[in-house]
There are 2 protein chains.
Amino acid sequence: MTGKLGVSCFGCQTRHTTEWCASSDAELTLLDQVKAPKIMEAGTALFHQGDECGGIYCLNSGLVGIRRLDAAGNSTLLRLAGPGETIGYQSFLLGTAHRATAEIMMPSTVCFIRRQTVRGLLEQNPNLGLRFLRHNVKDAAEFEERHFETISFTVRSRFLNLLMVLYERFGSLNEDGEPVLDLPLSRQDIAALIGSTPETVSRSISKVQDEGLARFKGRKVLLQDIDELMRQLPAS
Amino acid sequence: MTGKLGVSCFGCQTRHTTEWCASSDAELTLLDQVKAPKIMEAGTALFHQGDECGGIYCLNSGLVGIRRLDAAGNSTLLRLAGPGETIGYQSFLLGTAHRATAEIMMPSTVCFIRRQTVRGLLEQNPNLGLRFLRHNVKDAAEFEERHFETISFTVRSRFLNLLMVLYERFGSLNEDGEPVLDLPLSRQDIAALIGSTPETVSRSISKVQDEGLARFKGRKVLLQDIDELMRQLPAS
DNA sequence: CCGCTGCCTTGATAACCATCAAGTGGTGCA
DNA sequence: TGCACCACTTGATGGTTATCAAGGCAGCGG
């Protein structure tokens with residue numbers, strides 16, 4: 001039983017890294033039947049801040065940004081979610097409206113699972129809940145980490161850190177074998193992620209460029225001296 | 001069946017606000033038998049960063065500080081845990097060593113529950129896991145919030161915010177009916193919590209004092225103009 | 001009583017960074 | 001082609017805050 005887009009839970013590349021890895025075949029079959037896999041374009045949204053939580057989303061491929069509106073109405077990027085991540089389960093579990101907007105940042109394949117279905121699965125399979133729990137504990141630890149980082153390190157360090165994280169996720173080698181990266185984020189969003197402003201990010205970029213560590217052209221990055229970049233990361 | 005110190009789960013004031021509120025009488029009886037309630041003095045530790053996780057701790061009364069060592073070996077206060085909070089469950093769930101130190105900040109009554117016992121309870125009662133999950137989702141949301149706060153507000157705002165939070169927890173009225181507060185934290189720890197330095201905290205204190213909003217004498221605080229203090233809090 | 005130690009305060013300085021403002025460059029559209 | 005719009009860059013400035021350094025003030029043991 002395959003989803004409309006040829007996306008079956010059984011063949012899902014990311015399943016084994018997600019909450020669903022402990023699910024039985026019967027449960028996966030059920031999931032396959034009720035889920036709604038969709039290909040979504042960058043710029044669209046899975047849900048908006050304030051929306052009722054109708055279910056959860058499982059990201060098969062692509063990239064999703066979690067945004068929040070501040071008092072002034074500006075939307076601030078809080079974090080990124082990649083393939084294998086389940087999105088929106090917090091609101092589902094708390095039974096509240098979504099506290100953030102989930103925006104597609106790169107063309108993505110997403111599976112939607114309705115609230116009732118998840119509820120049923122959770123009741124049937126206690127392990128599923130535990131897996132969500134572990135996942136969330138990790139998320140929380142990451143936030144703790146980032147909080148710590150923001151306090152203790154300069155914008156430059158945080159920027160380099162993000163750059164290397166993005167390289168690990170989206171980097172590749174060009175035809176000359178040099179490490180390159182296509183940033184999936186605007187300067188504004190980079191700034192939000194590291195707790196800074198677009199101007200300061202831009203200045204950091206110029207500096208890193210002047211030092212010959214990397215070359216930036218729009219969202220294309222050529223990592224000239226990746227060893228030195230790594231070396232300059234804050235001690236993890 | 002009462003614990004050695006007269007601390008029974010049945011009579012626990014905080015039980016209804018914790019993970020354990022969904023536990024059956026039988027389970028509570030079991031807990032009462034196996035848990036190890038202890039009164040601990042300020043300055044002692046529940047566990048240290050790097051320790052094997054032997055079980056989880058339930059704080060009945062008092063205050064616990066979660067600390068982490070940075071690269072330089074300084075210990076940084078990350079957050080506070082109050083009555084009703086379960087401590088150390090993250091490492092338990094992830095099966096890792098403790099990533100932080102839990103230090104008693106005020107004389108506290110703490111119940112210890114061994115790993116095996118928790119494991120058994122979790123397997124028996126799926127709801128318990130869900131409750132932990134909800135709790136953790138809230139924790140993560142709080143970190144998200146604080147991260148956001150640290151980025152967007154000045155040290156002064158963050159300090160006032162902490163001051164009012166502490167007042168809600170530990171404040172009282174003196175014989176003249178004035179709101180007073182006994183800070184359970186050193187300047188150093190206050191600084192860490194709001195992502196600043198002792199010096200800057202001290203300056204903030206002086207400023208607030210000059211403005212006639214509050215008077216500080218060591219760790220004793222007299223909140224002279226509590227309304228104005230509230231008014232100056234960042235919009236929640 | 002003295003000196004010691006740890007915590008807190010105060011002062012001077014400079015770095016870092018946000019903010020405001022103006023300019024650049026690319027892309028789409030008429 | 002030219003215009004407009006957008007994201008990005010660069011410049012100038014000032015504010016906030018970290019850092020270094022010195023002094024005050026309690027508690028403690030001798």
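Every chain is numbered from 1 and lettered A, B, ... according to where its sequence line falls, protein lines coming before strand lines.
If you check D:dT19, C:dC8, D:dT17 against the side chain of B:Arg158, the one that comes closest is D:dT17. Comparing C:dT10, C:dC17, D:dT16 by their closest approach to the side chain of B:Ser202 singles out C:dT10. Nearest nucleotide to the side chain of A:Thr197, out of D:dT9, C:dA18, C:dC8: C:dA18. When distances run from any side-chain atom of B:Thr200 to the nucleotides D:dA18, D:dC8, D:dT9, the shortest one goes to D:dA18.
Residue A:Ser186 has no polar side-chain atom (N or O) positioned under 4.0 Å from OP1 or OP2 of D:dA7. Between A:Ser206 and the phosphate of D:dT10, there is a side-chain N or O to OP1/OP2 separation shorter than 4.0 Å.
Taking a cutoff of 4.0 Å between a charged side-chain nitrogen and a carboxylate oxygen, A:Arg79 and A:Glu85 qualify as a salt bridge. Salt bridge A:Glu145/B:Arg68: present, at least one basic N to carboxylate O contact under 4.0 Å. Ionic pairing of A:Arg146 and A:Glu149 is not present here: no N-O contact between side-chain nitrogen and carboxylate oxygen is shorter than 4.0 angstrom.
In this structure, the CD1 atom of B:Ile151 is 13 Å from the P atom of C:dC17, given to the nearest Å. Atom-to-atom, CG of A:Asp210 to C1' of D:dT9 comes out at 12 Å; the value is rounded to the nearest Å. The separation between A:Lys207 atom NZ and D:dT9 atom C1' is 16 Å, rounded to whole Å. To the nearest angstrom, P of D:dT9 lies 5 Å from CD1 of A:Ile205. The nearest whole Å value for the distance from the CZ atom in A:Phe216 to the C1' atom in D:dT10 is 17 Å. Atom-to-atom, CD of B:Gln188 to P of C:dT9 comes out at 13 Å; the value is rounded to the nearest Å.
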Determine, stepwise, if the pair B:Leu163 / B:Leu181 fulfils side-chain contact (heavy atoms from CB on, under 4.5 Å). CA-CA 9 Å; B:Leu163 197 64; B:Leu181 170 61; 4.0 Å; yes
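To the nearest 0.5 Å, the span separating CZ on B:Arg187 from CD on B:Glu199 amounts to 12.5 Å.
Between B:Arg203 and A:Arg203, the residue whose closest nucleotide on DNA chain C is further toward the 5' end is B:Arg203.
Counting atom types as modelled, A:Glu199 pairs a side-chain N or O with a base atom of C:dC20 as donor and acceptor under 3.5 Å.
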